[in-house]
Amino acid sequence: MSRGGDDVNADDANAHEDGAPVGRRIVLGVAALGAAGIVTGRTVQDHLARWLAPIQNADPTGLTGLLPLGATFRYYSVTGSVPTKDASDYTLEIGGLVDHPTTLTLADLQQMPQTTLVRDFQCVTGWRVPEVHWTGVRLADLLETAGPTPEAKAISFGSFDGAYTESLTLEQALRSDVLVALQMLGKPVTHDHGGPVRMYVAPMYGYKSTKWLSSIEVTDQVVPGYWETQGNYDVDGWIGESNGRDDEPVG
Ligand SMILES: Nc1nc2c(c(=O)[nH]1)N[C@H]1C(S)=C(S)[C@@H](COP(=O)(O)O)O[C@H]1N2
Ligand SMILES: [Mo]
């Protein structure tokens, strides 16, 4: 099991479709701030991260990702390796307590109405990436098509990594800021970020956003997910209510 803070994905957070060169001076200047110990408090750090987000997102060199701001994604997987899937073999099963169980391909999902959100992504361990672009299908739209039965109370997500699971109540799942995400950071979700399809649950900590999404099962009660049973995380993963580290609401 690996769940490190390995920064192997730092470059992803810095890649953006409308990339522009970033002056070495900005990089050095900000590095100097960090070295001078100005980047210390969580609030200062967060403000700097926010101010830097457009620069970091446009930085093709990944250099700013080396700055001590923590505003980049860390790669997380509870399994050692995860099979690669693409349009040729990806499927999403929607089943359980629904009138119309269905299996969708990537093309099916791409043909549905897409929603874009620009929101922070925050891991419960403390790192946060500000103003990330997410695009995908609203989970609510998929559920509406599937038709939950009267007994339906919750959702259980499965991953093709074969291990990770997560849950939401049906009410949470119907929020308009809960996406079955096809794009992240302005491009298709990469394998390391859980592509081709991952969840993005905007108002909750990152652990709710299941990567390598393979199934959505409607259940009659909340089934606690992987980190809720192995890591003591709250089943209700609302940002700001789990660890007291947040200094401002997100979104
Ligand atoms: N399948 C799967 N999904 C997962 C995880 C995981 O280990 N496996 N980790 C979660 C946690 S704790 C976080 S913070 C985010 C990290 O997303 P990233 O790897 O794109 O940075 O994915 C979430 N979804
Ligand atoms: Mo996390």
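Owing to the predicted nature of the structure, the values given are computational and were not obtained by experimental measurement. The analysis underlying the following values was restricted to heavy atoms, covering all of them including side chains, and did not include hydrogens, waters or symmetry mates. Just follow the structure's listing: the first ligand is 1, and inside any ligand the first atom is 1.
When each atom of ligand 1 is checked for a heavy atom of His193 under 4.0 Å away, the hits are 18 (P), 20 (O). Applying the 4.0 Å criterion to heavy atoms of Arg74 picks out, from ligand 1, the atoms 18 (P), 19 (O), 21 (O). Set against the non-hydrogen atoms of Trp127, the atoms of ligand 1 under 4.0 Å away are 14 (S), 21 (O). Every atom of ligand 1 with a heavy atom of Ser159 under 4.0 Å away is listed here by number and element: 1 (N). For ligand 1 and Asp161, the ligand atoms under 4.0 Å from any heavy atom of the residue are 1 (N), 2 (C), 8 (N). Close approach of ligand 1 to Val78 (heavy-atom distance below 4.0 Å) involves ligand atoms 7 (O). Those atoms of ligand 1 that come under 4.0 Å of a heavy atom in Cys123, given as number and element, are 14 (S). In summary, the atoms of ligand 1 found under 4.0 Å from a heavy atom of Arg198, numbered by their order in the structure, are 15 (C), 17 (O), 18 (P), 20 (O), 22 (O).
Between Tyr200 atom OH and Thr115 atom OG1 the span is 13.0 Å, to the nearest 0.5 Å.
Residue contacts with ligand 1 for Tyr233 are absent, since no atom lies close enough (heavy atoms, distance under 4.0 Å). Neither the backbone nor the side chain of Tyr205 comes within contact range of ligand 1; no heavy atom lies under 4.0 Å. Within the 4.0 Å heavy-atom criterion, both parts of Tyr207, backbone and side chain, lie near ligand 1.
The closest non-hydrogen atom to atom 12 (S) of ligand 1, taken over Tyr226, Tyr76, Phe73, comes from Tyr76.
The shell of residues lying under 4.0 angstrom from ligand 1, judged by heavy atoms, includes Ser209.
A salt bridge links Glu228 to Lys208: at least one charged side-chain nitrogen sits closer than 4.0 Å to a carboxylate oxygen.
Looking at Ser156 and Ser167, their side chains never bring a donor and an acceptor atom within 3.5 Å of each other. A donor and an acceptor atom, one from each side chain of Ser215 and Glu217, are nowhere located under 3.5 Å apart.
Note: no N/O pair closer than 3.5 Å links Tyr75 and ligand 1 by distance alone.
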